[in-house]
Amino acid sequence: MIRSRFQFPVGMSRDAAVNVHLHHHNFRFPACLTTVRRHPTVSLLQFSPITPKLLLRHGFKSNTNFIPMASAADNPTDNTHVENSGSDDLRPTTPEQRTLAWPEMALLWIGLVVGVPAYYLAGSLVDLGMAWWQGIATVVAANAVTLIALILTGHPGTKYGISFPVFARSSFGIHGAHIPTLLRALIGCGWYGIETWIAGEAIFLLLPESIKNSSFSQVLPWLGTSPLAFTCFLAFWVVQLASVWKGMDGIRKLETISAPILVFLTMGLLIWSCVRAGGFGHMLSLNSKLSSSEFWALFFPSLTANISFWATLALNIPDFTRYAKSQKDQIIGQLGLPVFMGAFTFVGVAVTSSTGVIFGHIISNPIDLLGHIGGFATKVLAIFGIILATVTTNVAANVVAPANALVNLNPSYFTFTRGALLTAVIGIVFQPWRLLSSSESFVYTWLVGYSALLGPIGGVMVADYYFIRRRELIVEDLYSSSPTGAYYYSGGFNLTAVAALVVGVLPVIPGFLEKVKIVSKVPQVFTVIYGNAWFISTFIAGFCYWGLSVLLKRRKVSSLLGPQL
């Protein structure tokens, strides 16, 4: 037991006082293992006894009971003490780099939200039989849930200036962090391919009819698309890479400049559909084509799909919040997601429903809609908007996380730019034209399917940060591969986190196999679980991780400290 009272200069930080006090003993505890109480009348610190209960509360690890004295920073956001980070792209942000105020965070969400997949997702709900207000309500409800996840995972990014791969080390281990980051990267590569294919389709529309009707536009069965469409895809694939060449600074500038342009073009599309359809009366009169039981059977998978839409960014949002000026800025700025997503959903539903009046049938795909809009100038303007929206969404949402994951995997070889290039290459391998073949395959196979992977990762990380570590991290140990580091666990892997991840994914597998037609029939309970994959997998993994962590830590602390106290 350690208890001491001493006088110290007024204004000295807690960590500094702890290190000064323990310097005489030639060792120090992590700052999170001490509690501080100010004397009401004099400037004194009193250190509470370090008990098993206190150690458990702060995520004590048995092989890091004492840390040799070293030059440690007093402030977790002062990063001069961080060594061996491997790459400047992963080092904690400095105060000078934290320039994002809440308006800029909100503008980032405009660039992310306004895009073809978001429009397509909203329109597909109407196409599947929902009433217009049901589609909008489903999207807003899903994004309200996603907002909670974004704020929770964004907190450590702002507090410590760390990126998603580094944050993952605290729960999965120094080497185990490769598991969640590479899974997130793989899905980001798939999304990169989808967004790029959509922009390639827009370019295809600008080609002369003689070329579009040539033999090059015939679908090749082995490829799944035509050589002409594939060439348009590759053309945009090459052009888009220029936007990531300058790294995060270039991305932030692109998002800021493009946001007002995208708002203007979105309003233009809404006004066009309103004028051509004679107002929104038709949309407002659209009723659901579903019975009560059919609606609820569709609602929960649709809710999961809409959450999954941003579940990728809900994991790696620290890549952006690490540049925020404060927690207030990152929280208020992220309120832009449900606000802008709700507004853009209204546009998507309004325009989709108006196509029934204008063209005699519903057109939920905006690329197909462009093919029906008359006038070359109108098409050029609309395609410019689609390309700009695609670039802003694709670069921010689908390049940053995979690129950082690859830097984390091999910092001596990968830079952010090299990681972005490999992301683009893998995006081709995903064959996005197959994923977008129908509303069903896009929403209920792609979106719901990958939520079963991302949900458990988020559940583990949130449970570890908030319930096990109580939001206290040792920044220098996040960059240390020493076996005595707080996040080294067993050979650099936290087996508890890996086990919880597997347990969270397992219940969803039967339903997924049925959805992709690998098996013909599974019990109804697995179909229901698959339709709610994100919710179920997240809570199972999070609860499993929390329970196992508490149990194992109690045993470790009891066996280590029991005879000494």
Side-chain angles (χ1 to χ4, degrees), residues 116-117 120-121 123-125 127-129 138 142 179-180 182-198 201 219-225 229-230 233 294 296-312 315 364-365 398 402 423 426-459 501-538 540-541:
V116 174
Y120 183 68
L121 187 62
S124 67
L125 296 179
D127 196 21
L128 290 168
T138 301
I179 297 172
L182 290 178
L183 286 174
R184 167 63 183 94
L186 193 64
I187 294 165
C189 293
W191 265 116
Y192 187 92
I194 289 173
E195 295 272 7
T196 306
W197 175 257
I198 289 170
E201 285 185 309
V219 175
L220 299 178
W222 63 269
L223 183 61
T225 187
F230 187 72
F233 165 71
E294 289 174 334
W296 290 112
L298 178 65
F299 171 76
F300 287 106
S302 299
L303 186 71
T304 300
N306 277 273
I307 292 173
S308 305
F309 192 76
W310 295 118
T312 50
L315 276 186
S364 61
N365 190 327
N398 306 319
T423 298
I426 298 174
I428 300 174
V429 177
F430 266 85
Q431 301 184 59
W433 48 90
R434 298 187 189 274
L435 293 175
L436 289 173
S437 59
S438 68
S439 296
E440 175 108 9
S441 61
F442 173 65
V443 175
Y444 300 114
T445 301
W446 169 243
L447 290 178
V448 178
Y450 75 62
S451 72
L453 290 175
L454 300 188
I457 294 172
L501 172 61
V502 172
V503 171
V505 172
L506 283 177
V508 185
I509 293 177
F512 175 76
L513 294 178
E514 180 188 38
K515 181 60 65 176
V516 296
K517 304 187 186 311
I518 293 178
V519 298
S520 58
K521 188 69 176 176
V522 297
Q524 181 64 23
V525 63
F526 290 113
T527 302
V528 174
I529 289 174
Y530 180 75
N532 299 275
W534 185 86
F535 289 99
I536 293 174
S537 61
T538 298
I540 287 178

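In what follows, every heavy atom counts, from backbone to side chain, and hydrogens, waters and symmetry copies are set aside.
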Considering all heavy atoms, the nearest Glu514-Val522 contact:
OE1-CG2, 3.4 Å

Nearest-0.5 Å distance that lies between atom OG in Ser520 and atom CG in Leu513:
11.5 Å

Rounded to the nearest 0.5 Å, how far does CG of Asn532 lie from OG1 of Thr538?
11.5 Å

If I take atom CZ from residue Arg434 and atom OG1 from residue Thr225, how far apart are they, to the nearest 0.5 angstrom?
9.0 Å

How many angstroms lie between CG in Leu447 and CD1 in Ile307, if you round to the nearest 0.5 Å?
11.5 Å

So Phe299 and Trp296, would you call those rings parallel, tilted or perpendicular, with 30° and 60° as cut-offs?
perpendicular

Separation of Trp433 CH2 from Phe230 CZ (nearest 0.5 Å):
5.0 Å

Are Trp191 and Phe309 close enough that their ring centers fall under 6.0 Å?
yes

Ala533 versus Val508, closest heavy-atom pair with distance
CB-CG1, 3.8 Å

For Thr445 and Lys515, the nearest pair of non-hydrogen atoms, with its separation, is OG1-CG, 3.6 Å

Tightest non-hydrogen contact, residues Ser451 and Pro456, listed as O-CD, 4.0 Å

Residue pair Thr312, Tyr450: steps toward the side chain to side chain contact (heavy atoms under 4.5 Å, CB included) verdict:
CA-CA 9 Å; Thr312 50; Tyr450 75 62; 3.9 Å; yes

Taking every heavy atom of Ile428 against every heavy atom of Phe233, the minimum-distance pair comes out as CG1-CE2, 3.9 Å

Looking at Trp446 and Ile194, what are the two nearest heavy atoms and their distance?
NE1-CD1, 3.4 Å

Is it the case that the side chain of Trp310 and the backbone of Ala142 share a donor-acceptor pair, with hydrogens and angles ignored and the cut-off at 3.5 Å?
no

Going through the checks in order, is the side chain to side chain contact (heavy atoms under 4.5 Å, CB included) test met by Arg184 and Ile457?
CA-CA 9 Å; Arg184 167 63 183 94; Ile457 294 172; 5.8 Å; no

Given the rule in the side chain to side chain contact (heavy atoms under 4.5 Å, CB included) test, do Asn306 and Thr138 qualify, once you have shown the distances and angles that lead to the verdict?
CA-CA 8 Å; Asn306 277 273; Thr138 301; 4.1 Å; yes

When rounded to the nearest 0.5 angstrom, what is the spacing between CZ in Phe512 and CG in Leu453?
8.5 Å

Taking Gly531's backbone N and O only, do any of them form a donor-acceptor pair with Thr304's side chain (distance below 3.5 Å, no angle check)?
yes

Side chain proximity check, Ile426 to Tyr192, heavy atoms < 4.5 angstrom
no

Would the distance check show the side chain of Tyr530 and the main-chain N or O of Pro510 forming a donor-acceptor pair, the cut-off being under 3.5 Å?
no

